[in-house]
Structures are given as C-alpha cells and as structure tokens.
Amino acid sequence: MASVGPNRYGKEGVRVVRVRRSPYNGDTFDEWTVRVLIDGDFVSSYVDGDNTKVLPTDTMKNTVYYVASRTRAITIEDFAKELVNYLIEHHSQIAGAQVRVERKEWSHMVTSNNSRHPTSFVQATQEVQFTTVKRPRHGAFSIVSGLKDLMVMKTAKTSFTNFYRDALTTLTDSRDRLFGTAITAKWTYEDASSIIDFDRARQQIRSGMLDVFCDHESESVQHTLHAMAKYVLERVPTISQIHLTMPNIHCLPVDLTRFGEQNKNEIFMPIDDPHGYIQCTINRSTMTKTLTTHILDLSCGRPAANVPVRVENLLNGEWVLMPTTANTNTDGRAVDLVPADKWQAGQWRIIFDIASYMPDGFYPSVTIEFRTKDSAHYHVPLLLNKFGYSTYRGS
Ligand SMILES: O=c1[nH]c(=O)c2[nH]c(=O)[nH]c2[nH]1
C-alpha cells in the first residue's frame with residue numbers, strides 16, 4: 001500500500017516590481033522574487049485527483065500581487081509575514097504557509113554633480129537579500145533571513161599554514177595569500193513574532209561581518225568565518241543563530257620565472273573550480289553570557305515587550321554606550337546586552353526607555369546603575385508600574 005507523506009505545493013518565481021511614489025522624497029524601487037508554499041488538507045488531490053480544495057497556484061501568484069499592492073511593509077520580512085497571514089486567514093484548508101522573498105538591491109543613481117536622482121536607480125551589486133517566513137495556522141512565525149553573493153577579497157592578514165599533511169599533500173604553507181569569497185549568511189530570529197526592525201538588523205549583520213573580515217588576522221577561511229559569526233551574534237541580540245557559507249575562491253600566484261620575471265606577490269590566476277567550500281552554524285547558546293535583563297509590568301502582571309534598552313559602561317569617568325541596542329522581546333527579556341569582549345568588572349548602567357510602552361506613566365525612562373566584580377553572567381531585572389519601580393540582582 002502506498003501512503004501520502006508530507007506534501008506541499010505553491011508558486012515559485014513570482015517576480016514583483018514595486019514603485020512607491022513620492023513627489024517630495026523621490027520614488028522607491030523594489031524588485032522581489034517570491035515563492036509561496038502551503039500545506040494542509042490536500043491528500044485527496046494526490047490520491048483521487050479531487051481538486052475541490054486545491055487553491056490554484058495561479059491564484060497564489062495573483063495573491064502576491066494583491067498583497068503587494070496593499071501592504072505598507074518596507075522590509076521583505078514584513079511583506080512575507082502579511083502574505084502568510086493573508087493565505088492562512090482566507091483559506092481554511094491551509095494548515096501552514098511559508099513565503100520566501102528574494103530582493104535585489106537597487107539604489108538611487110548619484111549623478112555627476114553628486115546629487116541623488118529621485119527617479120533613476122542603479123543595481124551596483126550582485127548581492128541578493130532573502131527571507132523565509134513560516135507559520136502554522138495555530139502557531140508562531142519563524143523567520144530565517146539572509147544575504148548571498150556578497151563578494152569580498154582581502155590581500156593582507158591572510159594565511160594558511162601548519163595544516164594536516166599526508167603523502168598526497170602538495171600544498172605549501174602560505175603567510176601572504178589572497179582570500180576571496182562570496183559570503184552567504186542565513187540567520188534565525190529568536191522571537192519572530194515580536195516587532196523587529198529587519199532592515200536595521202540586516203545592516204548591522206552585514207557591516208559587522210565586513211568589519212571583521214577586513215581586520216581579522218586570518219589563519220584560514222574557517223577561522224575568519226567563526227570570528228565573523230561570533231561578532232554578529234554578540235552585537236545583534238534579536239538573532240539566535242547564524243549559518244555562514246564561504247567558498248574559498250582560490251587566486252594562485254603565477255610563476256613568472258618562466259619569462260625571466262619575479263612575481264612580487266602581485267600577479268594571480270583566479271581559479272573557479274574546484275574551490276574550497278566552508279560552512280558552519282554558530283549558535284548563541286554556545287557563547288559566553290554577559291548581561292541580561294527582563295521587565296515585569298506589575299500593573300498587569302505581564303512582561304513588558306518591545307521596550308528599547310541600552311547599556312553604558314563608566315570608563316575613565318565617562319559613560320560609554322555599548323554597540324548592542326535591543327528591544328525587550330515578547331517575554332520582556334533582552335539578552336547579551338554587552339559584547340563578550342567588552343564585558344568586564346566595573347560600573348554599568350542599563351537605560352530603559354519606557355515612554356512609549358507606558359505613555360501615561362510617571363517615569364519616561366529608568367536608569368539602573370550597578371557594579372560588577374567580574375565578567376560572569378549578571379541578570380538585572382526591572383519591576384515596574386506607573387508610579388514606582390524596583391530592581392534586584394538576579395541570576
Ligand atoms: O582557509 C583554508 N581552509 C582550508 O581548509 C583549506 N584547504 C586548502 O587547500 N586551502 C585552504 N584554505
């Protein structure tokens with residue numbers, strides 16, 4: 001007997017261009033490619049050829065255009081969330097939906113007199129941004145976002161030495177090779193149902209990866225990949241995991257002695273294939289914990305979600321803002337508020353910006369100052385109502 005296992009279907013490659021018109025600030029231009037997949041009560045369509053519950057994939061394509069025309073979403077993640085919700089809310093036979101959106105970067109053209117042209121755009125990079133947003137009918141969103149084809153190269157601080165050797169090893173140590181790769185990064189949001197500024201997170205992740213790539217004293221692709229992922233996890237608290245793929249696009253020095261010339265490490269031959277291929281997933285749970293907090297709203301006995309939190313350290317008599325800024329999640333928590341390399345014994349303060357959470361409260365913001373004796377994990381919560389607050393050293 002044959003039985004139908006997991007199945008899903010949908011539309012792939014729905015291409016959408018969206019122009020948002022603004023006579024004052026100039027237009028915006030988005031190019032998205034969308035894939036919609038649904039699962040649910042569809043076994044009879046496979047077994048009996050019964051199409052009565054089958055939402056045509058052609059209708060799914062139309063739904064993409066319809067939701068695109070109505071949405072106020074700026075980010076691909078928020079658009080994908082709306083599309084998932086629309087499909088689940090309008091079709092009772094759907095048990096779960098997932099939407100993938102890929103976005104190509106078009107930016108305003110800058111003309112030769114250095115002004116941003118309001119209605120002309122250029123695609124200056126091959127880089128693609130993407131997201132996959134999923135939700136079961138009775139469950140929470142999960143969101144994995146990323147970018148691919150981010151081409152980078154470094155010509156210094158890159159070696160590969162002291163590697164394992166056997167009888168077939170011909171590679172020699174190199175202390176001054178080139179390191180070129182096309183980065184693919186995929187990260188998972190910890191609490192995808194909370195309000196997240198997805199574009200800001202993507203920007204922080206992208207620039208964090210590139211900062212590390214530039215300055216890292218690389219012993220290998222593996223070594224730099226890990227440093228990039230760790231740095232990003234420490235600075236972007238809304239993500240719980242990052243997966244990086246970094247092919248090693250070899251550039252081999254050309255032997256110029258055949259032509260009576262010396263190669264001063266300047267002339268290389270790029271090799272497409274074969275190439276090295278390095279992948280690794282780094283999870284937050286395997287990392288050192290630093291400072292965490294949570295806010296409990298005592299007026300209703302519930303966690304206070306989406307409250308902006310920042311941390312400062314007293315260094316040489318001045319308060320220095322830490323690079324990690326966070327909003328509390330739906331459990332009222334904010335984790336890893338300080339990057340591990342900055343977490344040390346000293347005087348610290350957490351500033352909770354509660355004005356928007358409690359607009360009629362007495363305190364627009366609360367600052368909690370405390371001293372740490374070491375770089376162990378500290379948990380400093382805030383218990384809050386409209387007219388009072390308290391705190392304690394938690395664990
Ligand atoms: O950074 C590298 N990692 C490797 O695993 C490897 N293997 C190799 O031949 N060259 C390199 N380079």
Side-chain angles (χ1 to χ4, degrees), residues 105 125-130 144-188 202-236 239-259 261-288 323 339-341:
E105 179 90 33
T125 156
Q126 288 302 301
E127 198 180 322
V128 173
Q129 305 168 357
F130 60 85
V144 175
S145 292
L147 54 84
K148 62 179 181 183
D149 296 334
L150 172 56
M151 307 291 297
V152 291
M153 171 68 73
K154 64 192 260 166
T155 56
K157 299 185 180 176
T158 151
S159 20
F160 186 61
T161 62
N162 202 26
F163 41 83
Y164 174 85
R165 287 174 163 87
D166 74 356
L168 302 181
T169 303
T170 53
L171 191 71
T172 52
D173 281 0
S174 172
R175 282 249 149 247
D176 50 8
R177 64 176 188 168
L178 302 192
F179 176 179
T181 188
I183 302 170
T184 298
K186 267 203 283 190
W187 52 89
T188 306
R202 179 177 272 101
Q203 201 43 48
Q204 283 180 316
I205 292 166
R206 186 180 187 281
S207 60
M209 288 193 304
L210 294 186
D211 285 351
V212 174
F213 181 82
C214 296
D215 289 328
H216 191 235
E217 296 282 353
S218 176
E219 292 297 335
S220 65
V221 176
Q222 290 87 328
H223 186 217
T224 303
L225 179 154
H226 178 261
M228 290 162 63
K230 185 164 172 285
Y231 185 88
V232 162
L233 279 173
E234 283 170 1
R235 276 159 180 81
V236 186
I239 64 171
S240 56
Q241 181 188 85
I242 183 160
H243 176 86
L244 291 180
T245 303
M246 292 179 29
N248 188 3
I249 302 170
H250 306 296
C251 275
L252 305 182
V254 177
D255 177 9
L256 296 179
T257 54
R258 293 169 294 173
F259 320 124
E261 290 289 324
Q262 233 201 327
N263 192 346
K264 298 184 203 129
N265 206 22
E266 289 178 340
I267 303 298
F268 298 86
M269 181 174 37
I271 307 279
D272 286 338
D273 288 315
H275 59 263
Y277 195 74
I278 320 299
Q279 281 191 319
C280 187
T281 304
I282 318 279
N283 290 303
R284 183 177 297 286
S285 57
T286 59
M287 296 174 54
T288 336
D341 57 348

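In each ligand, atom 1 is the first atom listed, and ligand 1 is the first ligand listed. One-based numbering along the sequence shown. Only heavy atoms go into these numbers, but all of them, side chains included; no hydrogens, no water, no symmetry mates. Since this is a predicted model, take the numbers as computed values, not measurements.
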Thr184/Thr245 under side-chain hydrogen bond (donor to acceptor under 3.5 Å, both in side chains): CA gap, chis, key distance, verdict
CA-CA 5 Å; Thr184 298; Thr245 303; 5.3 Å; no
May I ask you to decide if the ring planes of Phe163 and Phe160 are parallel, tilted or perpendicular, using 30° and 60° as cut-offs?
parallel
Among all residues two or more places apart in sequence or in another chain, which pass the side chain to side chain donor-acceptor pair (under 3.5 Å) test with Thr172?
none
Can you produce the list of protein nitrogen or oxygen atoms under 3.5 Å from a nitrogen or oxygen of ligand 1, alongside each distance?
{"from": "ligand 1", "atom 1": "1 (O)", "to": "Arg177", "atom 2": "NH2", "distance (Å)": "2.8"}
{"from": "ligand 1", "atom 1": "1 (O)", "to": "Val221", "atom 2": "N", "distance (Å)": "2.7"}
{"from": "ligand 1", "atom 1": "3 (N)", "to": "Gln222", "atom 2": "OE1", "distance (Å)": "2.9"}
{"from": "ligand 1", "atom 1": "5 (O)", "to": "Gln222", "atom 2": "NE2", "distance (Å)": "3.0"}
{"from": "ligand 1", "atom 1": "12 (N)", "to": "Arg177", "atom 2": "NH1", "distance (Å)": "3.0"}
{"from": "ligand 1", "atom 1": "12 (N)", "to": "Asn248", "atom 2": "ND2", "distance (Å)": "3.2"}

Please list, chain by chain and in numerical order, all residues satisfying side chain to side chain contact (heavy atoms under 4.5 Å, CB included) with Glu219, sequence neighbours excluded.
Ser159, Thr161, Arg175, His223
Would you mind checking if Asp173 and Arg165 are paired as a salt bridge, meaning a charged N to carboxylate O distance below 4.0 Å?
yes
List the residues meeting side chain to side chain contact (heavy atoms under 4.5 Å, CB included) with Leu168, not counting sequence neighbours, and say none if there are none.
Asp166
